[in-house]
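Here is the structure we will look at.
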Amino acid sequence: MLKYPPRKLWPEKVYSLPELAYPDTLNACHELLDRNLDEGRGSSPAIYFKDSVVTYSELHHQVMNIAGALRRRGIQPGDRVVLRLLNRPHFISTLLALLRIGAVAVPTPPLIRAREISGIFESSDPSLLVAETELWEEVEKLDTRSVPSLNVESLCEDAPYRECDPTAKDDLAVLLYTSGSTGVPKGCMHSHADLLAIADTYARYILEPAPADRFGGHPTMAFAYGLGALFVFPLRFGASTVLLDRFTPEAMIESIRDCKVTLTFCSPLSLRLMMKEGMDLKGSLSSLRLAISAGETLPASVYRSWRDLAGVEVLDGLGSTEMLHIFISARRGRSRPGATGEVVPGYEAVVIDEKSMKPVPDGTQ
């Protein structure tokens, strides 16, 4: 069984915000899904995808059925399950179901190939692989004789697993792999409390979300950026998420316009591509109150052009898979071209001299 390193090797977590005082027993599925039902949001929209809308009650029903199907296939607390899914409603329902039964989700980006998936298999030691038809080609190239593989559609059975397993706040919830830009992709271990913490710091203090918000964008939920933006944040605040399974600049603009997205998550490249469409961005994106950019540095020229053409402020952000989401961000009304921003409430950051490995004094250029 995959285990955390010895506790003496864990990073010290200093919880400076009251929102981060989580109880010892904590299940992220309950906090992201069941709590919304407890607060009367059952009929409220949770997911928009193409022409369909999934309410919180419908999502809850789907999650319980998938959780039951997983349990009947022998998945136990702590088991890793590799996911090969696009940004569609069943990504969210399957991930919530895994959290519900105390299993560990291992999402994989849709574009990676069999060799990279094999590396994730060797590292994570999964008990099951769940994929969808359009991503099955690379799965067929794997030697998965010791790991059962099934299509996500086969999990839609009507035998619900109703309760949330009483997981601990530090229990492993998701295993996210780095992009490999600095070497072999490495699995980053994140707990149930970690999932909530990114919402209760960055989202709460930087985005200031409300249930009326609609979160949209193109980052895959298999990456930390998309997982927070399109899965954790909207559900944590009783809002809704607008999913786009395949990005094109035109499809992105239409998604924002037709579903009245209020917060969109992009990269500098996708912002540039949308600006090249030659459309009336101010008219098409009139529902937006903020755009968020991450994944690479936001050039000052893109910041200015987007603000002028779309009429929407864009907040640059710095995050990492290891930290799960953005921890340095521009603030609404205080963003500046060419500047990443300020430390997000709940985090601490220092600039370290590369040679001495000591903090650089304030005011040093």
Side-chain angles (χ1 to χ4, degrees), residues 19 28-63 87-89 91-93 96 195-219 221 225-244 251-266 281-294 306-307 310-315 317 325-326 329-335 344-345:
E19 293 89 350
C29 179
H30 180 272
E31 297 301 312
L32 297 175
L33 180 58
D34 297 66
R35 187 172 294 278
N36 282 298
L37 298 185
D38 295 341
E39 294 176 356
R41 297 195 184 97
S43 61
S44 298
I47 305 171
Y48 291 89
F49 178 64
K50 296 184 177 179
D51 296 327
S52 66
V53 180
V54 180
T55 67
Y56 274 99
S57 288
E58 291 168 340
L59 178 60
H60 187 252
H61 180 73
Q62 293 171 11
V63 168
N87 277 16
R88 293 172 176 170
F91 192 124
I92 291 176
S93 54
L96 284 169
L195 290 176
L196 302 183
I198 59 173
D200 294 335
T201 53
Y202 170 76
R204 185 180 300 275
Y205 284 91
I206 304 302
L207 305 179
E208 300 178 308
D213 275 313
R214 297 183 183 184
F215 289 70
H218 62 80
M221 289 183 284
Y225 182 36
L227 185 71
L230 300 173
F231 172 72
V232 176
F233 299 165
L235 300 185
R236 181 59 167 166
F237 296 100
S240 53
T241 186
V242 178
L243 299 181
L244 183 67
M252 181 78 171
I253 294 169
E254 291 176 352
S255 173
I256 295 170
R257 181 193 64 209
D258 296 346
C259 294
K260 295 180 173 55
V261 171
T262 60
L263 296 159
T264 189
F265 293 79
C266 307
L281 289 184
K282 286 186 179 179
S284 297
L285 309 182
S286 61
S287 63
L288 283 181
R289 63 180 183 86
L290 280 176
I292 297 90
S293 176
W306 176 264
R307 181 190 58 194
V312 179
E313 186 176 14
V314 56
L315 304 184
H325 214 269
I326 293 170
S329 174
R331 301 294 291 266
R332 186 178 185 181
R334 299 211 300 263
S335 62
V344 171

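Contacts of H325 classified as ring pair (Phe, Tyr, Trp, His ring centres under 6.0 Å), with partners at least two apart in sequence or in another chain: Y202, Y225, F233. A search for side-chain contact (heavy atoms from CB on, under 4.5 Å) contacts involving A310 returns L281, L285, W306, V312, not counting sequence neighbours.
Separating the CG atom in L244 from the CZ atom in R88 is a distance of 10.5 Å, to the nearest 0.5 Å. Annotation: the span from K50 atom NZ to L243 atom CG amounts to 11.0 Å, rounded to 0.5 Å. Of the inter-residue distances, the one linking T241 atom OG1 with F265 atom CZ reads 9.0 Å to the nearest 0.5 angstrom. Expressed to the nearest 0.5 Å, how far CD1 of I292 lies from CD1 of I206 amounts to 10.5 Å. One finds the OG1 atom of T55 at 11.5 Å from the NE2 atom of H60 (value rounded to the nearest 0.5 Å). Here CG of L315 is found 11.0 Å from CZ of R334. Values are rounded to the nearest 0.5 Å.
Pairing each heavy atom of F49 with each of N87, the nearest pair is CE1-O, 3.8 Å. Taking each heavy atom of N36 and G238 in turn, the nearest pair found is OD1-CA, 3.1 Å. Here the closest non-hydrogen pair linking P45 and S240 is O-CB, 3.3 Å. Minimum interatomic distance between A197 and T201 (heavy atoms only, all atoms of both residues): O-OG1, 2.6 Å. Pairing each heavy atom of L230 with each of P219, the nearest pair is CD1-O, 3.5 Å. Closest approach of A210 to A239, counting heavy atoms only: O-CB, 3.6 Å.
At least one donor-acceptor pair under 3.5 Å links the side chain of S57 to the backbone N or O of G42. The backbone N or O of V63 lies less than 3.5 Å from no partner atom in the side chain of S93, so there is not a single donor-acceptor pair.
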Please step through side chain to side chain contact (heavy atoms under 4.5 Å, CB included) for the pair E58 and I47, ending with a clear verdict. CA-CA 10 Å; E58 291 168 340; I47 305 171; over 6 Å; no

Residue pair E19, Y205: steps toward the side chain to side chain donor-acceptor pair (under 3.5 Å) verdict: CA-CA 11 Å; E19 293 89 350; Y205 284 91; 2.9 Å; yes

Could you walk me through whether Y56 and L235 satisfy the side chain to side chain contact (heavy atoms under 4.5 Å, CB included) test, starting with their C-alpha distance in whole Å, then the side-chain angles of each, then the deciding distance to 0.1 Å, before giving a yes or no? CA-CA 9 Å; Y56 274 99; L235 300 185; 3.6 Å; yes

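Using a 4.5 Å heavy-atom cutoff, the side chains of V242 and T264 are not in contact. Side-chain contact check for L195 versus L227: some heavy-atom pair is nearer than 4.5 Å. The shortest side-chain heavy-atom distance between R307 and E313 does not fall under the 4.5 Å cut-off. Between R257 and S287, every side-chain heavy-atom pair lies at or beyond the 4.5 Å cut-off. The side-chain heavy atoms of Q62 and L96, taken from C-beta on, include no pair separated by under 4.5 Å. For the pair Y48 and V261, the minimum side-chain heavy-atom distance is 4.5 Å or more.
Identified under the salt bridge (charged side-chain N to carboxylate O under 4.0 Å, His left out) test for residues 197-217, with sequence neighbours left out: D200-R204, D200-R236, D213-R289.
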